[in-house]
Amino acid sequence: MLQVQGPAIATLPVGDDHSPITVIGTDPIRESFGSQTFQQAINSRLAPGVSRVVLNPDAHVGYGAPVGCVMVSPSHVYPGPVGVDIKCSMSLLQTNLPAEEIADPKVRRRIIQAIAKRVPTGAGRGQRHAPKSRSVDAALGFQLATEGASKSVLKKLGIPKSWATRCEDASHTAPDGSVDTLAARLDWMGRQRDKRDRIESKYRQLGSYGGGNHFGEAEVVSLSQDPELRAIGEQWGLRDGQVAFLSHCGSRGFGHDLAMGQFRAMKAHFQSTGLAFPAGDPQLVYAEAASPEGQKYLCDMAMGANFATVNHLLINQLVLESFRDVFPGVQGELIYFISHNIARQEPIDGKLQWVHRKGATRAFPAGHEQLVGTDFESTGHPILLPSNPRDGSSIMVARPGASVSAFSVNHGAGRRLSRTKAKKQLNQSNVDQDLLDHDIISNCRAYPRDEAPDAYKDFNEVLASVRHAGLADEVARLKAKFVLKDGAPADD
DNA sequence: ATGTCC
């Protein structure tokens, strides 16, 4: 059923009156997709108002739409193809610390402990569990949810204001461009019965990782040997052989509540108006962007996105302070902060459309109109792709060929084993020994087996898919030295 | 992803 178009590009036809789904992946990668993943992609493609769907090499089954897909619509917004964790993102902090300085595992252990005092991991964890974090009261929480990384918010949290220029989007507003519209909606939410305390408790999670596949990881940067790609990395501020810190997290409980509230509200709207769910799936609810329901969704998405943005920036500042506990005077700069769960308006096929990326990363090449005036106009922006600590993570740059995938690439390696299968099939001592054999330590007594390197697809095959499809090239590889994750007990 | 049930 797949029609091969090139070395790592295929199409999946869905009928005469719809353009086919674009599938990115080498032969082994495309063969790894399950039938349910394809079915979710087809459901998404046939849903109302949708103009394009792209399936990336890390695709697997998700909520309504696959994780690892891009859905484009000129007119409609879809909460499912944004995802439950609104603006789940990656960020990279580059320090000027030579790799040799953290060769000793005892030094790494001290840094891990310093970070743990400031940035908690685990579900429900917030400032209460981090004695050296920041205090986020109701007023500051309200402000950052409505303003994002504004100058005032960054100053109050002690974050360098220059970092806002290294964000895919530093601030999200209501669709009318107004902060006041968001403030009115958040104010209204806070006046609902029993909601205020819950919202305020979520503000206090600012500066925390959460659980699941979220993590913080110290890396050694290894720039490409290719002179052009190496020069791009140096222009971005990457430093070969020096320590960087990669983070993966999102909008925590605050964004989760907003997303679930939207699924509930839209489902109720469908039921009260008799509208049919696409493919009968309530997880594929939608609204016209211009409708009252669509506008409310975009407001809530913006507030979740603002929380995620400031969460990442604060984590990076707290991580830098932790490094300074052990290495006073060490410098750190944010290289980039980029999401893989967000809908943005972008020019696609000659018109402005809503590009929903769910487990997919924006990939604008040099000269893209939305990069004009940014630090990345002449190079394209950094693409931050995590895989696993053992096999390293990758920093890529988009090529003009990325237009075939709606200027998107994958967001990581993608799951090979379900969490249940990973826990059943993988042996705990093998998982822990594997990391030690690669000189990687972690904050966990037992590394979570469902997050083990072998629970994920072969990262090199995934990267080969991206390169062979002509979407992006690798600027640098990151080699992990230590990892912070939500620790699982040894025998769960 | 998520106080794993909103």
Apply salt bridge (Lys or Arg N to Asp or Glu O under 4.0 Å) to Asp450(A) and Lys421(A), showing your working. CA-CA 8 Å; Asp450(A) 52 350; Lys421(A) 279 187 180 163; over 6 Å; no
Quick one, Arg357(A) with Glu346(A), criterion salt bridge (Lys or Arg N to Asp or Glu O under 4.0 Å). Give me CA distance, side-chain angles, the key distance, then yes/no. CA-CA 12 Å; Arg357(A) 295 193 177 90; Glu346(A) 296 173 9; 2.8 Å; yes
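Spacing between atom CG of Asp450(A) and atom P of dT4(B) amounts to 17 Å, rounded to whole angstrom units. One interatomic measurement links the two molecules: NE2 of His256(A) to P of dC5(B), which rounds to 10 Å at whole-angstrom precision. Between the OH atom of Tyr63(A) and the P atom of dT4(B) there is a distance of 15 Å, given to the nearest Å. For the pair Gln205(A) CD and dT2(B) P, the computed distance is 8 Å after rounding to whole Å. Between Asp85(A) atom CG and dT4(B) atom P there is a gap of 16 Å when expressed in whole angstrom units. Taking atom NZ of residue Lys267(A) and atom C1' of nucleotide dC6(B), one finds them 11 Å apart after rounding to whole Å. One interatomic measurement links the two molecules: CE of Met260(A) to C1' of dT4(B), which rounds to 11 Å at whole-angstrom precision. The nearest whole Å value for the distance from the CZ atom in Arg264(A) to the P atom in dC5(B) is 15 Å.
Nucleic acid contact class of Gly250(A) (heavy atoms, under 4.0 Å, all strands): none. Among the heavy atoms of the strands lying under 4.0 Å from Gly211(A) are primed sugar atoms or P, OP1, OP2 only; no base atom is included. Residue contacts shown for Arg419(A) are limited to sugar-phosphate atoms, with no base heavy atom under 4.0 Å away.
The aromatic rings of Tyr286(A) and Phe270(A) lie perpendicular to each other, with more than 60° between the two planes, well past the 30° mark.
Between Asp257(A) and Gly210(A), it is Gly210(A) whose nearest contact on DNA chain B lies nearer the 5' terminus.
In this structure, Tyr209(A) has its ring center at least 6.0 angstrom away from the ring center of His214(A).
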